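In what follows, a single structure is set out as structure tokens and then discussed.
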Amino acid sequence: MTTPHTIPLLRFEGSYRDVGEQIGDSCADVLQRSVAFDAELPGGRTRAEQLALADRYRSLTAEAMPWILEELDGAAEAAEVDPLALFACAVEEIWYEPRTPGNGPAIDGRCSDLVAAPPATADSHILVAHNNDLSPRYRDELVAIERRVPGDPAVFTIGNGIWISVGWNDAGLSLTGNELSPNDERVGIPRELQVRAMLRETTMDAMVGTALRHDRASSYNNVLASRDGTVVNVEGSATSVEMTEPDERGHLVHTNHYVCDSMLPFEGDPAYAGRSAVRYGRAAELLAAQPDGTVTEDVLRELLSDHEHAPDSLCRHADEGVAGSVTCFWCIADVTDMRIVFGRGNPCDSVAQEFAFAG
């Protein structure tokens, strides 16, 4: 059955604190539920110990990015929650045991990215397709947010509450990507907050520079594209990185494991890497099968809807026996035109929505 409801689009503007307050007011129930995390603490840690650990990340963030705390603290005030507890919820790095073999699956979120650039595309545009797999609760809480802060580019994101999974800005930059399991995580700027910071940038060089901050706590695999035709894949950890580009056919794919040879030593979840490789191989196979000059948004949605190798398929359903993970949303961005098509739930059966920045 087609997804019965679309993702609401919220539009906020003003200072960072103003925008934060508007997010907190609109998403108060999500933020309040998030800070009630006592039953989810890792390794027998107490709430006080978790907050003390989060405060170490917050101190570094306050020094490097004071503006982001204005936004987060504004959201906390409007939602009537403890600012430090809410900040703790934005530090993904402190919510699991250290990422080493034998500690069980490290990744909760699973995402697949397919990029088509010339000569692959039918109109010579840059197209980025993304499936985002998380919990059914995350799917139900999704919101799309357009932020306008004076002095910054306008930003459009999909996520829930203060959390961002993918985003674009009217400077012509696109950010999607995949969670990894780096084994060198450390106290620093949380990777979730780096995403917000990257979306403030106006050039690809600056966006990549923010992804590579020396004081980062860890890293996602960041799939970055620009309407000027540049595509860069930033496969990072806390201490290392390798950057790649589309191949000679204009293809790039990535899932949730390290692919670059230099980054393989940083894989903290080799057991899951094998499962991620199933999606990676299938995505590469599907994209390679498309003749040059034929890839369109419709083609990419069909590829995102692929069910081969379930439960490790690109399009993941709740009835496939994988606890806690379904395809929560999909999106396809025409980065050349800065137009994004997206939908809640599985790409094979959901309502398509569209966002384009005002000209």
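Quick caveat, the model's predicted, so the values are computed rather than measured. Start at 1 with the first residue, then count along the sequence.
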Partner of Leu303 by side chain to side chain contact (heavy atoms under 4.5 Å, CB included), out of Val295, Ile332, Leu287: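 Single pass found, and it is Leu287.
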task: Please determine if Arg200 forms a cation-pi arrangement with Trp67, meaning its NZ or CZ atom is less than 6.0 Å from the six-membered ring centre and no more than 45° off the ring axis.
output: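 Yes, Arg200 lies over the aromatic ring of Trp67.
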query: Would you say the ring centroid of Tyr280 lies under 6.0 angstrom from that of His257?
result: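 Tyr280 vs His257: aromatic centres under 6.0 Å.
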Under a 3.5 Å cutoff, is there a donor and acceptor pairing between the side chains of [X] and [Y]?
{"X": "Arg279", "Y": "Ser112", "result": "yes"}
{"X": "Thr230", "Y": "Asp228", "result": "yes"}
{"X": "Thr239", "Y": "Asp184", "result": "yes"}
{"X": "Thr327", "Y": "Asn131", "result": "no"}
{"X": "Thr255", "Y": "Asn178", "result": "no"}
{"X": "Ser218", "Y": "Arg191", "result": "yes"}

Under a 4.0 Å threshold between the charged nitrogen and the carboxylate oxygen, would [Y] count as salt-bridged to [X]?
{"X": "Glu21", "Y": "Arg17", "value": "yes"}
{"X": "Asp215", "Y": "Arg213", "value": "yes"}
{"X": "Asp73", "Y": "Arg58", "value": "yes"}

Joint hydrophobic cluster, [X] plus [Y], side-chain heavy atoms closer than 4.5 Å:
{"X": "Val187", "Y": "Leu69", "result": "yes"}
{"X": "Met65", "Y": "Leu84", "result": "yes"}
{"X": "Leu175", "Y": "Leu300", "result": "no"}
{"X": "Leu199", "Y": "Ile68", "result": "no"}

For [X], does the [atom1] atom have more than 12 heavy-atom neighbours from other residues, nucleotides or ligands under 6.0 Å away?
{"X": "Glu308", "atom1": "CD", "value": "yes"}
{"X": "Arg56", "atom1": "CZ", "value": "no"}
{"X": "Glu49", "atom1": "CD", "value": "yes"}
{"X": "Glu285", "atom1": "CD", "value": "yes"}
{"X": "Glu63", "atom1": "CD", "value": "no"}

message: Measuring from atom CG of Asp337 to atom CD of Glu297, what distance do you get when rounded to the nearest 0.5 angstrom?
response: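 Result: 8.5 Å between the selected atoms.
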- prompt: Rounded to the nearest 0.5 Å, how far apart are CD of Glu354 and CZ of Arg339?
  reply: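 Interatomic distance, Glu354 CD to Arg339 CZ, rounded to 0.5 Å: 5.0 Å.
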Exercise: identify the closest heavy-atom pair between Ala88 and Ile94: O-CD1, 4.0 Å
message: Quick one: does any side-chain atom of Asn222 pair with a main-chain N or O of Leu224 as donor and acceptor, under 3.5 Å?
response: no
field: Results of side-chain hydrogen bond (donor to acceptor under 3.5 Å, both in side chains) for Tyr220 - residues two or more places apart only
entry: Glu92, Glu192
- request: Using the ring-ring contact (aromatic ring centres under 6.0 Å, His included) rule, take Phe355 and Trp168 through it: C-alpha gap first, then chi angles, then the decisive distance, then the call.
  value: CA-CA 10 Å; Phe355 176 89; Trp168 300 266; 8.4 Å; no
- prompt: Is Val149 close to Glu13 at the side-chain level, that is, under 4.5 Å between some pair of heavy atoms?
  reply: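 Contact flag for Glu13/Val149 side chains = no.
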Contacts under 3.5 angstrom, residues 156-164 side chains, donor-acceptor by atom type, not counting sequence neighbours:
from: Thr157; atom 1: OG1; to: Arg147; atom 2: NH1; distance (Å): 3.1
from: Asn160; atom 1: ND2; to: Glu141; atom 2: OE1; distance (Å): 2.7
from: Trp163; atom 1: NE1; to: Cys89; atom 2: O; distance (Å): 3.0

